[in-house]
K.L.:
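Can you read through this structure? Questions will come right after.
Just so we're on the same page: letters track the sequence lines, and every chain starts at 1.
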2 protein chains.
Amino acid sequence: MQLRNQVEWALHCCSILAGLPPGQRLSTKALAEFHGVPKPYLSKALQSLAQAGLIEGTLGPSGGYRLARPAAEISFLEITEAIEGRARSFACTEIRRNAPCLRADEQISGPCQVARVMWQADEAWRAVLRSQSLADLSATLEAELPERLLADAEAWVGARSAGG
Amino acid sequence: MQLRNQVEWALHCCSILAGLPPGQRLSTKALAEFHGVPKPYLSKALQSLAQAGLIEGTLGPSGGYRLARPAAEISFLEITEAIEGRARSFACTEIRRNAPCLRADEQISGPCQVARVMWQADEAWRAVLRSQSLADLSATLEAELPERLLADAEAWVGARSAGG
DNA sequence: CTTATTGCGGACATTCAATATCTTTAATGA
DNA sequence: TCATTAAAGATATTGAATGTCCGCAATAAG
């Protein structure tokens with residue numbers, strides 16, 4: 001039960017893209033360098049985000065990625081699901097139907113209680129992630145991080161972003 | 001982010017063991033047959049539960065497993081963690097520290113906000129599982145399942161349980 | 001005391017995630 | 001128009017984790 005490291009990378013990349021001036025793009029290369037992660041693999045995560053409609057990529061020189069929607073309308077859950085898929089963490093295989101003492105005419109209705117509890121927990125997890133947007137993240141970072149750090153990062157990113 | 005099928009098996013097995021008369025034991029063989037799952041693999045799951053102190057096994061003929069504690073004191077979370085481990089689902093590798101624009105004297109304090117949100121979601125998941133005990137599960141099953149089904153299962157299990 | 005039965009731990013195989021490489025496609029700028 | 005740059009997609013390779021099985025020690029019954 002472990003989330004892939006791509007989830008962490010995707011969240012941090014989206015955080016950077018959310019801080020970009022409107023319309024500006026940032027390349028996979030710059031994002032990989034900034035986070036110190038392998039570019040070819042990060043590219044896969046960004047592709048997943050693009051396919052999910054969260055970011056959009058542009059080809060050619062001065063190309064790169066930018067958010068496809070306002071940061072306030074992109075949740076942690078969407079980013080996580082773009083990488084991990086939308087399946088629930090608990091898969092019920094209905095093993096209770098394998099009981100050898102089950103008679104042919106005995107009907108079992110509805111999902112089993114074990115699965116219902118596990119799915120309830122899953123939904124609680126999703127609810128937290130659904131309630132947090134990229135805008136919330138940016139606001140917290142701006143409030144908590146030292147000013148010079150933010151300025152340095154903005155300058156570094158600004159020097160590598162392009163387009164409009 | 002998928003829980004192993006062992007989690008499902010472990011929960012259902014504990015549910016059966018919780019319905020056993022006090023002191024009675026049930027073998028891996030019977031549990032595997034009842035759920036229609038491979039016995040050698042189920043054995044591993046039961047071993048994990050035993051190591052976590054949730055159930056205890058007895059060797060020899062008429063041996064088998066029984067709950068190590070009252071059903072009301074064993075939660076879904078403990079069973080899940082016995083199989084999956086106690087690690088959080090999101091692992092923060094602090095990739096923010098890899099930023100090339102970070103100066104040597106710039107200090108970053110505390111866990112990053114991305115991790116904090118993911119851990120908050122994780123905790124919400126745990127809270128639900130922590131609130132559900134095996135006794136709760138048994139109560140719901142007895143209330144919802146047809147009486148004859150329960151009687152059939154109890155008879156089947158009773159014929160294969162032993163010890164005291 | 002022997003024998004059958006059981007849990008226990010370790011060994012094997014198979015799958016899947018993580019990583020890298022290469023080709024293709026498309027857009028920019030000279 | 002052409003060279004350059006970047007995303008998109010396909011395809012290995014490695015390594016860890018998951019699923020599967022087998023032999024050993026312990027125990028109770030005959």
Side-chain angles (χ1 to χ4, degrees), chain A residues 1-10 13 17 23-33 35-66 68 82-85 87 89 91 93 95 160-164, chain B residues 1-10 13 17 23-33 35-66 68 82-85 87 89 91 93 95 160-164:
Chain A
M1 233 280 292
Q2 197 80 4
L3 291 166
R4 308 178 204 173
N5 50 13
Q6 281 196 7
V7 173
E8 182 185 15
W9 302 357
C13 284
L17 293 181
Q24 289 287 104
R25 291 182 276 267
L26 200 58
S27 70
T28 305
K29 183 181 167 187
L31 286 168
E33 195 181 341
H35 293 117
V37 301
K39 181 186 128 182
Y41 191 33
L42 176 64
S43 172
K44 265 198 162 175
L46 296 173
Q47 274 176 37
S48 299
L49 293 175
Q51 277 187 322
L54 303 180
I55 64 178
E56 49 190 25
T58 316
L59 293 177
S62 84
Y65 286 104
R66 70 176 171 202
I83 303 295
E84 289 286 337
S89 64
T93 63
I95 61 174
R160 273 147 247 259
S161 67
Chain B
M1 232 280 290
Q2 197 80 5
L3 291 167
R4 308 177 205 172
N5 48 14
Q6 280 197 6
V7 173
E8 181 185 15
W9 302 355
C13 285
L17 294 181
Q24 289 286 104
R25 290 182 276 268
L26 200 59
S27 70
T28 305
K29 184 182 168 188
L31 286 169
E33 195 181 342
H35 293 118
V37 301
K39 182 188 128 181
Y41 190 30
L42 176 64
S43 172
K44 261 202 161 171
L46 296 173
Q47 254 172 265
S48 299
L49 293 174
Q51 278 188 323
L54 303 180
I55 64 179
E56 49 191 24
T58 316
L59 290 178
S62 84
Y65 286 104
R66 70 178 172 201
I83 303 294
E84 290 286 337
S89 65
T93 62
I95 62 175
R160 273 146 248 259
S161 68

K.L.:
Where the side chain of Lys44(B) is concerned, which of dT5(C), dT6(C), dA11(C) is the nearest nucleotide?
P.N.:
dA11(C)
K.L.:
Using the side-chain heavy atoms of Gln47(B), tell me which of these nucleotides is nearest: dC8(C), dA26(C), dT28(C).
P.N.:
dC8(C)
K.L.:
Base, sugar-phosphate alone, or nothing: which one does Pro40(B) contact when heavy atoms must sit under 4.0 Å apart?
P.N.:
base
K.L.:
Over how many whole Å does the gap from Gln2(B) atom CD to dC16(C) atom P extend?
P.N.:
12 Å
K.L.:
Check every atom of dG7(C), dC8(C), dT28(C) against the side chain of Ser27(B) and return the nucleotide holding the closest atom.
P.N.:
dG7(C)
K.L.:
In whole angstrom, what separates Glu56(B)'s CD from dT6(C)'s C1'?
P.N.:
15 Å
K.L.:
Base, sugar-phosphate or nothing for Trp9(A)? Non-hydrogen atoms, less than 4.0 Å.
P.N.:
sugar-phosphate
K.L.:
Calculate the interatomic distance between Arg66(A) atom CZ and dA27(C) atom P; express it in whole Å.
P.N.:
13 Å
K.L.:
Between Arg4(A) and Leu46(B), who's closer to the 5' end of DNA chain C by nearest nucleotide?
P.N.:
Leu46(B)
K.L.:
Just the rounded figure in Å: distance from P of dT6(C) to CG of Leu42(B).
P.N.:
14 Å
K.L.:
Measure from CG on Leu59(B) to P on dG7(C) and round the result to the nearest Å.
P.N.:
8 Å
K.L.:
Tell me the interatomic distance from Leu49(B), atom CG, to dC8(C), atom P, rounded to whole angstroms.
P.N.:
11 Å
K.L.:
Could you check how far CG of Leu26(B) sits from C1' of dT6(C), rounded to whole Å?
P.N.:
12 Å
K.L.:
Just to be sure I understand the rule, does Thr58(B) reach a base, reach only the sugar-phosphate, or reach nothing, if contact means heavy atoms closer than 4.0 Å?
P.N.:
sugar-phosphate
K.L.:
Got Arg66(A) and Glu56(A) here, is their nearest side-chain heavy-atom distance under 4.5 Å?
P.N.:
yes
K.L.:
Rounded to the nearest angstrom, tell me the gap between atom OH in Tyr65(B) and atom P in dT6(C).
P.N.:
12 Å
K.L.:
When you match Gly60(A) and Gly60(B) each to their closest nucleotide on DNA chain C, which lands nearer the 5' end?
P.N.:
Gly60(B)
K.L.:
With a 4.5 Å limit on heavy-atom distance, are the side chains of Gln6(B) and Tyr41(B) in contact?
P.N.:
yes
K.L.:
Which nucleotide span of DNA chain D, 5' end to 3' end, has atoms closer than 4.0 Å to non-hydrogen atoms of chain A?
P.N.:
dT5(D) to dG9(D)
K.L.:
Think Tyr41(B) has a side-chain N or O under 4.0 angstrom from the OP1 or OP2 of dT14(C)?
P.N.:
no
